[in-house]
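Data block below; observations after.
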Amino acid sequence: MSNNDQAATTGTVPASRQKTARKPRRSRILVDFMGSMSLAITLLVALAIASVIGTVLVQNEPYTEYLMDFGPFWHEIFAGMGLYQVYSATWFLLVVGFLVVSTSFCVYRQSPGLLKDLRRYNLQVKEKSLLSFHSSAAGDLDQPQDEFVQHAHRVLKAQGFKAREKNSDGQTVIAAMRGRWNRMGYLLTHVGIVVICVGALADGTTLLKINEWLGNLEIETRSVPISEVPRSAWIPEWNPSFRGSVEIPEGASANVVFLPMREGYFVQELPFRIELEEFRIERFSTGAESSYESDLIIHDPDRDEPLRHTISVNHPLIYKGFAIYQASFADGGTRLDIDAIPLGAEALRELEVPGRVFQEMDIPTPDGNTRTIEFINFQVENVIQLLNEEGVRENRHMGPSFDFRLMDRTGHGLYYRNYKRPALQEGAMYFLSGVRESPADEFHYLFLPADADDSLDRFRTYLAMLHKPEVRNEIARQVARDDETVPNEQTQAIASTTAELMGLFAQGGYTAVHNEIERRVPAERLDDVRDLMIRILHAGLQGLYMEVLQDEGVVSIQEEEQRFLEDTISAINAISLYQSPFFFHLKDFEHREASGLQIARAPGQSTVYTGSVMLIVGIFLLFYVSYQRLWIIARRREDGQGTHVTMAGTSNRHKVEFEERFAHLKRWIIDQQNADDGQKTTGSNTNKND
Amino acid sequence: MSVPHEALDFERPSIFRRIQLRDWAYFALMVATGVIAYSLYGHMMDRYDVGGLILAVVASSWMGWFWRPWQAYSIIVGSLALFSIWMYGDDLTRGETNFWLNYIGSGQAGVMWMSVMLYLATAAYVMGLFSSSTFPSRAGAAFAWVGSGAGLMALLVRWREIYLTDPSWGYIPVANLYEVFILLALMTTLMYLYYESRTGQRTMGAFVMLVIAASVTFLLWYAYDRGAAEIEPLVPALNSWWMKIHVPTNFVGYGGFAIAAMLGVAYLVKHRFERTRPDAPITHRLPSKDALDSVMYKAIAIGFAFFTIATVLGAMWAAEAWGGYWTWDPKETWSLILWLTYASWLHMRFTKGWRGPVMAWWAIIGLFVTTFTFLGVNMFLSGLHSYGEL
């Protein structure tokens, strides 16, 4: 691509390259076009723009997501243009291919001239042409010609120049050059780029695309068990390059990987079977992950014994040219022992639910219906960062949690996340359950207060009692009777109101209570009545609580117990929004994880690395070796007393430094004096070569 | 350089003759440091660590020979860092109780000193641009030296502090945005000081230090507003030997590009002033366009060379960590775009011989692409490099 380079370097030297005067042949025009700077720059810009598109538009998402984002019209167009996989789109590969071809042409066109530059010293120069150089000098010396020539050679040699000499007609021409490696820099960089692209192309999906195009392969877009994937989506073992992934649960094994392709995938066969023995997450004391590790066992028919190896992030296993990486992890089907606590009259009943992550099961609800629970995920450890009172970040270990979805018959339902252990919240312990409408939303939390034993017993007892009409009536009577401010004749009425309000509250929280009051009471008296009613309700709820405590044997009520009641009331109020007939309490679990492995075969890798090394070496040669040429013509002076010297030089880099160097050369060669002291003749970049 | 009078001085002294006693002494010091480090901690090193140690000794010695001010710089910074580490002992809380650590020698304090010094340097250089005296610029250079030194000391001490926080965390402090911003500021300053000492053009500082001051401002905001200075354990993806070489190499690249862009600004200012106010003193005070162009080229050249190495190292690391040397991750892609930007710049200069305002503008635009590659990708695009998030 440095077509003008030589012209600039060699200046007005009578060029041997006068071929352009000939009428160009058609092939020559093609070579010129393909190797031209303008084409190369155009392609570079095209490549850059395409690359930008690929980073702005998130790549390789499921097609349904694109469809939602862009609508059917643009989705069709974008998909058609391959914008969802820009970097493997045919047109993109064509641009890269063109760039490779263009660079190759450039190298092809430039190399002869370059190689000639390395060998040709060009001894045909004339004094006149030398004097037209930017850096040139002339002078008369008393020294005899042969002595001068010797001197000049010594200086040139000492300064790292390689020189050639020609004598004719009593005139000596010395042509010298140094920094020839600079010219190699050009070749290395450009050939390096070509080599990198070729290597990368070998590792790309081109082969698969061709096979797809030939009809040998067909992508699978459905999410089905592997046994149902048709053979047309299977790629045999011979495929030399691929990168895919597979998720293996602990104790299970796989001998295929899935190669993502557009909106679907291929199934790549492996010549061995990978078993996952165990997956581990190592943690720092803060709870942050320090390492992800998988103990693998490779079962290969070629081996007598299976190979055991532990991989971790940054430490893959390379087996038979297949690189196996720790890429991700997921739940592998953890067993969950769950107690489904009915949030109603039967709150004290035990309902064992044996769950497993990724499974669904039907659960009969107390009202005779059925709900379906789908276990989505399990987390063995949750660490959240909080700001403590001093504003310092603090890690809070929340313990295990599991995610599930609870659906009614129509398949609608909310998403939940329940924590196994109670968590400390503003000084008290709560069982937490997050609920949200879709996985994209934030969780809203239900806080169920834990009692002194970190259990739900007290809450369950209270809830169960509150839901029983006979208990409510009994408590309401007691409360009304014990209240000395209530006149005797009103005791009955107050008691029945209390019981009724408690019933409403149990069913629908404060909302139900307020709605009922609004329904019954005229608007102008609403405020007074509402306050009174809430006071009555609270008295009833408090009375029930006293009963619960009494049954437990608690006699005096501390601040702690009072707070528990408030939390209980808040929780029961929130249950109506929680939309689940149960609180699913995780009693125990058997953790089973799955490791996400990425498996790749990249035969072009060493080619790419070779090209990269060429590129880097080339860049340094180009930048830090300057190619310099020097000519000296010495002839006997007209007066016959000494020598007339003409010299000129040129460099393709660092013009300023070269001028300085040329001035020194002139002083040494023609003036035969020392270069100025204090001048930096060495130490600058121009001197670092040879 | 000493010249024997009986001979002309064209005989190029060999590298060993050019090196003086002090250079040998420096080399010996570096080797001794390496040997001591190995004898103390060799049992904890794997072969990569030993390779890194040897590389550090060689690189530092070479830097000292190539650019003598590096000798004093590295010795002073190294000594101060060692002193701080010694002050710490094995108790991190001394950072608050010990006077030296609290006010000067801890990682945090060092960063503050760096910030203050680099701000002062910026102010002094800008004053120098408007003053007929060379004093402000010389003061600016002094501030810049101290600032860069404080930054390097801070990083070295922080390295130890990470181990003190929890020995199992230990990693080189180039793992998050806060740390690499320190690296960027000190590295760019140092590279600038090199060009200043080579060319003697101090007015360049008024431009280059502006971008450094901007990065310091970001650093301070990031540290105070986001509590980014907190030492945290490393995410597993970064727990690799490659990080030690990939990240610093990258920042030589970014530093070079930043310097080139600011010299582009200086170039455009000079270009404009030459036409509009040819007789104004400030016009004369600015370096010649040729000089600016020359340093701009050199900064881009070193930046490009190191950025290429960094990208290749990144690819090799990616091959080990992510299962592919090139996965078109947004960071990778933007690195390619950045690389193409400067590759085109260099082609235009080499083959078309372009100089002047267009190239200056190009270098300035290049800094925007650099900034996006460095920060924008992490802020706006998702990808595997997401650990640098704001």
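Lettering of chains follows the sequences in order, A, B, ..., and the numbering in each one begins at 1.
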Side-chain donor or acceptor of Tyr325(A) paired with backbone N/O of Ala319(B) under 3.5 Å
yes
So CG of Asn239(B) and OG of Ser312(A): to nearest 0.5 Å the spacing works out to 8.5 Å
Whatever's closer than 4.5 Å to a heavy atom in chain B on Ser291(A) counts as backbone
Whatever's closer than 4.5 Å to a heavy atom in chain A on Met348(B) counts as side chain
| task | Run the numbers on Ile302(B) and Tyr624(A) for side-chain contact (heavy atoms from CB on, under 4.5 Å), then give the verdict. | result | CA-CA 9 Å; Ile302(B) 190 83; Tyr624(A) 298 109; 3.4 Å; yes
Whatever's closer than 4.5 Å to a heavy atom in chain A on Leu336(B) counts as side chain
Rounded to the nearest 0.5 Å, the OH atom of Tyr87(A) sits from the OG1 atom of Thr327(B) at a distance of 10.5 Å
In terms of heavy-atom contacts, Leu234(B) and Phe284(A) come closest through O-CE1, 3.4 Å
So, the part of Ala315(B) with a heavy atom under 4.5 Å from chain A: the answer is backbone
Rounded to the nearest 0.5 Å, the CZ atom of Phe620(A) sits from the OG1 atom of Thr308(B) at a distance of 8.0 Å
Counting heavy-atom pairs under 4.5 Å with chain A, the top scorer among Thr341(B), Thr311(B), Leu346(B) is Leu346(B)
Among Ala327(A), Ala602(A), Pro316(A), the residue with the most heavy-atom pairs under 4.5 Å to chain B is Pro316(A)
query = Can you find a heavy atom in the side chain of Val608(A) that is under 4.5 Å from one in the side chain of Trp326(B)?
reply = no
Q: May I ask you to check whether over 12 heavy atoms, not counting those of Lys157(A), lie within 6.0 Å of atom NZ?
A: no
Applying a strict 4.5 Å limit to non-hydrogen atoms, the region of Ala48(A) in contact with chain B is both
Interatomic distance, CG@Leu313(B) vs OG@Ser612(A), rounded to 0.5 Å, equals 9.5 Å
Greatest number of non-hydrogen atom pairs under 4.5 angstrom with chain A, of Ala291(B), Ser294(B), Ala305(B), falls to Ala305(B)
Look at the rings of Tyr609(A) and Tyr325(B) and say which category their plane angle falls in: under 30° parallel, 30 to 60° tilted, over 60° perpendicular. perpendicular
When rounded to the nearest 0.5 Å, the distance separating OG1 of Thr55(A) from CH2 of Trp328(B) is 10.5 Å
- Does any non-hydrogen side-chain atom of Phe304(B) lie less than 4.5 Å from one of Phe623(A)? yes
Comparing Glu282(A), Gln598(A), Gln59(A) against chain B, the one with the most heavy-atom pairs below 4.5 Å turns out to be Gln598(A)
Residues Asn314(A) and Ala237(B): closest non-hydrogen pair is ND2-O, 2.9 Å
In the structure I gave you, are the side-chain heavy atoms of Phe307(B) and Ile619(A) within less than 4.5 Å of one another anywhere?
no
Honestly, the part of Trp169(B) sitting under 4.5 Å from a heavy atom of chain A is both
Rounded to the nearest 0.5 Å, the CG atom of Leu43(A) sits from the CG atom of Leu340(B) at a distance of 11.0 Å
The interface call for Ile49(A) against chain B, heavy-atom contacts under 4.5 Å, is neither
Assert top hit (heavy-atom pairs under 4.5 Å, partner chain B, pool Leu47(A), Val86(A), Val313(A)) equals Val313(A)
On a heavy-atom basis, the closest approach of Ser344(B) and Ile41(A) is CB-CD1, 4.0 Å
Okay, Leu156(A) and chain B: the region with an atom under 4.5 Å from a heavy atom over there is neither
